[in-house]
Protein chains: 4
Amino acid sequence: MAKRAHERRKEPRQARSRATVDYILEAAAQILSEVGSGGLTTNRIAERAGVAVASLYQYFPNKQAILDVLFEMQLSEERDEFARRSTTLQEKSVREAIREAVRSAIEVHARRPTLVRSILRALPFVGTRDLHVRARQEVVDAVTTAMRARENELRPMKSVAMRAFLVVHAVEAAIHDAAGERPEYLTDPAFADELAELVGRFLLED
Amino acid sequence: MAKRAHERRKEPRQARSRATVDYILEAAAQILSEVGSGGLTTNRIAERAGVAVASLYQYFPNKQAILDVLFEMQLSEERDEFARRSTTLQEKSVREAIREAVRSAIEVHARRPTLVRSILRALPFVGTRDLHVRARQEVVDAVTTAMRARENELRPMKSVAMRAFLVVHAVEAAIHDAAGERPEYLTDPAFADELAELVGRFLLED
Amino acid sequence: MAKRAHERRKEPRQARSRATVDYILEAAAQILSEVGSGGLTTNRIAERAGVAVASLYQYFPNKQAILDVLFEMQLSEERDEFARRSTTLQEKSVREAIREAVRSAIEVHARRPTLVRSILRALPFVGTRDLHVRARQEVVDAVTTAMRARENELRPMKSVAMRAFLVVHAVEAAIHDAAGERPEYLTDPAFADELAELVGRFLLED
Amino acid sequence: MAKRAHERRKEPRQARSRATVDYILEAAAQILSEVGSGGLTTNRIAERAGVAVASLYQYFPNKQAILDVLFEMQLSEERDEFARRSTTLQEKSVREAIREAVRSAIEVHARRPTLVRSILRALPFVGTRDLHVRARQEVVDAVTTAMRARENELRPMKSVAMRAFLVVHAVEAAIHDAAGERPEYLTDPAFADELAELVGRFLLED
DNA sequence: CATGAATGAGGATTCATTCAT
DNA sequence: GATGAATGAATCCTCATTCAT
């Protein structure tokens, strides 16, 4: 695998080629969630996408690039979801904000549980480590900032960063692992409630 | 890769054999934590272990088996650690028990952070899914049982299982991710305190 | 690669077309001298020429054809140079004629040393063997004829053909190799003098 | 193709593997002289050698390495031939020494004309440029040294290096090209005589 | 037992060439 | 006439695994 991945080799101009790119990404996503990263081969991707391998390489410089794009797409979705909520979060009570945040996190993952899990948990071991680390850090940072903004409403703490780290990773992992091992939890309102409670009790004065 | 793995092809009788097996496992572990599961090839393992590939196949039916053994070893270690504490845990307050449990979990992972992380987080995407799922379930079950035993001391809950699931996954993930992204946390007492607090506040009244 | 190369698929009628063909040939030449025959791909040629690959195939039936045209162009240039001098050569002394011939040979190659070298030395191993052999033979024949015309002024010899062969190949190789390894020789008058001396001493009575 | 070639990946220990290496080199040589460097693929080499591709890669890190070894073998042979003669050359007249040198040069190439030609003329355009340039330079240097040693017996010259360059390249090219286009020349004593004459007249007084 | 050697199957990537608009 | 898109066939190379000594 080459070094700089993640850049598309050639921007698709026509509608036809944009569709091809989509098919490829979709195929990769499917394979990833069905057989895992081990079974993800360019030939398989191309076959599933219904295109020739060479076509795949017209838009992605190498396999890694596909994974990277997939990863970034997922991140974007999360970012967007977060951004969409963040304005309203300001106006709500912290408790309510937490509940909202947890719900939307679950929401994001509930759509395609295996895929998201594969992408977010598997990729770090397969894909560009940097990308993953930076991405995760970004989320932690966002939460840290949000917490600082309303620190007076929170339980006193020495390190905001550490607490944010714990909250983010705990929540994400719980959701990912649920997606993998207890998919039914993702649609169970009790799960969301419990998660929100976990976070709330950790962050707020009782 | 063959189908049934995880059984050693042949139990090593002599000391020499046992040493060979150890070298192999150690080599695999090293490679796993250094270059990740992608770079883990049988040839590389053999080379690092200082034996011929063919020798490797005298003790392991296939590559997967090595991973499985590695995984089980790690689990055993955790199980043992847990078992060792569990008797004493009975006699302590729940709060104290939690603190102990969290500490020992961190302890286990702190020894070889990258390795443990690789094994426990990466293997599920590479190795035998079943093994992993069963193992994780086992931990959740143990915690569930422990919680049931002292349910009256805990915050009322609808599903003990779900709460156990959340606690176990949250704690493990936090530790694993710390191992990967914030190794310094593993030796920071504040980290253990915070984690214990997270769990304590979630499980205990007020 | 198809079989019949070297024929242009379609003679360009309009000026625009002719320009396109020129761009293609120029691009091929550049790539050839920059990265060698190994890096010469149709896609790369097209890209460098600023046209689509498909356009390239409107004027050349296949890649080989491009190389062939390039080769022929180079030959033509040499032929022309030779023809241009040959009339005047008649009137000069053999010694002077040799000097002139050597100078113009160097001249031809000095213009774009790497290119000429690539074309004349690399192509035979990549391109149409026949074309190359015939071309070289043609030069040898021309020299043979020239020598026969003034055989009485030359050192006695058994085989004019063999001596012509030696002279032609020695001179060409020296120039090509100089182009590749000692480019500064090409502009050093001493080099021309020495080459002329080499030939003169071989062909002429002392 | 990777970067550092030419190093054998693994030294063959047993007789069997040494044979394998030989088969591979022989196969490569055959293909090279039959179809040229363009047709030289690792699969074809392996097939012709009667081994699996993977075996080939156990001894050569990549295709280039095979070419490099072939190239070096050829150079060694030339070096040896040269060394073998050089002692005796000292005792002979320059004229005789030249005759000897030319004869042995032809000798070396006459054994497997197409191969040698392929290797020495084709490789520079396919293989490691450095290797080739250094090798050629080595020969020129050796001749330069030899000429300096007996400079007083030679025709006066400004640059020994340039004259050596010319002689070496002229002779080699003539032989190579003869191998390719006039194989019969290689066994014709007249050819050797003429070549020796070419060199002798260039280097020696009147 | 141990090991150097060997390999079939496959994986990533490229290339000359064609097609549809 | 030109071009973006598409592709089948190859190419280099690796890997898990087996064999022969």
Side-chain angles (χ1 to χ4, degrees), chain A residues 1-2 9-21 39-46 50-64, chain B residues 1-2 10 12-14 16-17 20 39-46 50-64 66, chain C residues 1-2 10 12-14 16-17 20 39-46 50-64 66, chain D residues 1-2 10-21 40-46 50-64:
Chain A
M1 262 189 253
R9 169 175 286 190
K10 188 164 129 191
E11 276 316 306
R13 300 274 153 86
Q14 300 179 9
R16 182 163 53 130
S17 62
R18 214 161 306 130
T20 298
V21 168
L40 192 77
T41 77
T42 47
N43 285 298
R44 191 128 53 185
I45 295 172
V51 303
V53 216
S55 294
L56 183 158
Y57 279 92
Q58 211 145 50
Y59 300 104
F60 300 93
N62 52 43
K63 192 172 92 165
Q64 189 58 57
Chain B
M1 265 194 254
K10 189 194 253 167
R13 296 283 149 88
Q14 303 177 13
R16 184 161 50 129
S17 307
T20 301
L40 192 76
T41 77
T42 47
N43 285 292
R44 189 131 49 187
I45 295 172
V51 302
V53 218
S55 297
L56 181 157
Y57 279 90
Q58 214 122 40
Y59 297 107
F60 300 91
N62 52 42
K63 189 171 97 163
Q64 188 59 56
I66 301 174
Chain C
M1 264 193 253
K10 190 196 255 168
R13 294 284 148 88
Q14 302 177 10
R16 182 161 52 131
S17 307
T20 300
L40 192 76
T41 76
T42 47
N43 284 293
R44 195 142 32 197
I45 295 171
V51 303
V53 218
S55 297
L56 181 156
Y57 279 90
Q58 212 123 42
Y59 298 107
F60 300 92
N62 52 42
K63 190 171 98 164
Q64 189 58 56
I66 301 174
Chain D
M1 264 189 252
K10 187 161 130 192
E11 276 316 307
R13 300 274 152 87
Q14 300 178 11
R16 183 162 51 129
S17 62
R18 213 160 307 128
T20 299
V21 168
L40 191 76
T41 77
T42 47
N43 285 298
R44 194 139 38 197
I45 294 171
V51 301
V53 216
S55 294
L56 182 158
Y57 279 94
Q58 209 143 53
Y59 300 105
F60 300 93
N62 51 44
K63 192 172 90 164
Q64 189 57 57

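Side chains are part of it too, since the values below use all heavy atoms of this structure and drop only hydrogens, waters and symmetry mates. Source: prediction; values computed, not measured.
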Does D:Ser17 have a side-chain nitrogen or oxygen under 4.0 Å from the phosphate oxygens OP1 or OP2 of E:dG4?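 No, no such contact exists.
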Quick check on F:dA6: is either OP1 or OP2 less than 4.0 Å from any side-chain nitrogen or oxygen of A:Thr20? yes
Hey, which sits more toward the 5' end of DNA chain F by its nearest nucleotide, D:Ser55 or D:Arg44?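 The residue closer to the strand's 5' end, by nearest nucleotide, is D:Arg44.
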Taking every non-hydrogen atom, the tightest pair across [X] and [Y]:
| X | Y | answer |
| --- | --- | --- |
| B:Ala52 | B:Ala46 | C-CB, 3.9 Å |
| D:Phe60 | D:Val21 | CZ-CG1, 4.0 Å |
| D:Tyr59 | D:Thr20 | CE1-CG2, 4.3 Å |

So what does [X] touch, heavy atoms closer than 4.0 Å: a base, only the sugar-phosphate, or nothing?
| X | answer |
| --- | --- |
| B:Val53 | base |
| C:Thr42 | base |
| A:Thr41 | sugar-phosphate |

What is the distance from [atom1] of [X] to [atom2] of [N], rounded to the nearest Å?
| X | N | atom1 | atom2 | result |
| --- | --- | --- | --- | --- |
| D:Tyr57 | F:dC13 | OH | P | 3 Å |
| B:Lys63 | F:dC15 | NZ | P | 9 Å |
| B:Leu56 | E:dC1 | CG | P | 16 Å |
| B:Tyr59 | F:dT17 | OH | C1' | 18 Å |
| D:Phe60 | E:dA6 | CZ | P | 12 Å |
| A:Asn43 | E:dT13 | CG | P | 11 Å |
| A:Ile45 | E:dG11 | CD1 | P | 11 Å |
| D:Arg16 | F:dA20 | CZ | P | 9 Å |

Quick check: on DNA chain E, is the nucleotide nearest D:Gly50 upstream (toward 5') of the one nearest A:Ala54, or the reverse? Name the residue that is more 5'.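 Nearest nucleotide further toward 5': that of D:Gly50.
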Give none if F:dT21 has no partner; otherwise give the nucleotide forming a Watson-Crick or G-U wobble pair with it, both distances under 3.5 Å.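 Across any shown strand, F:dT21 pairs with E:dA2.
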Under 3.5 Å for both donor-acceptor distances, Watson-Crick or wobble: does E:dG8 have a partner, and if so which one? F:dC15
Would you compute the distance between atom CD1 of C:Ile66 and atom CG of C:Leu56 and round it to the nearest 0.5 angstrom? 4.0 Å
To the closest 0.5 Å, what do you measure between CD (B:Gln64) and OG1 (B:Thr42)? 12.5 Å
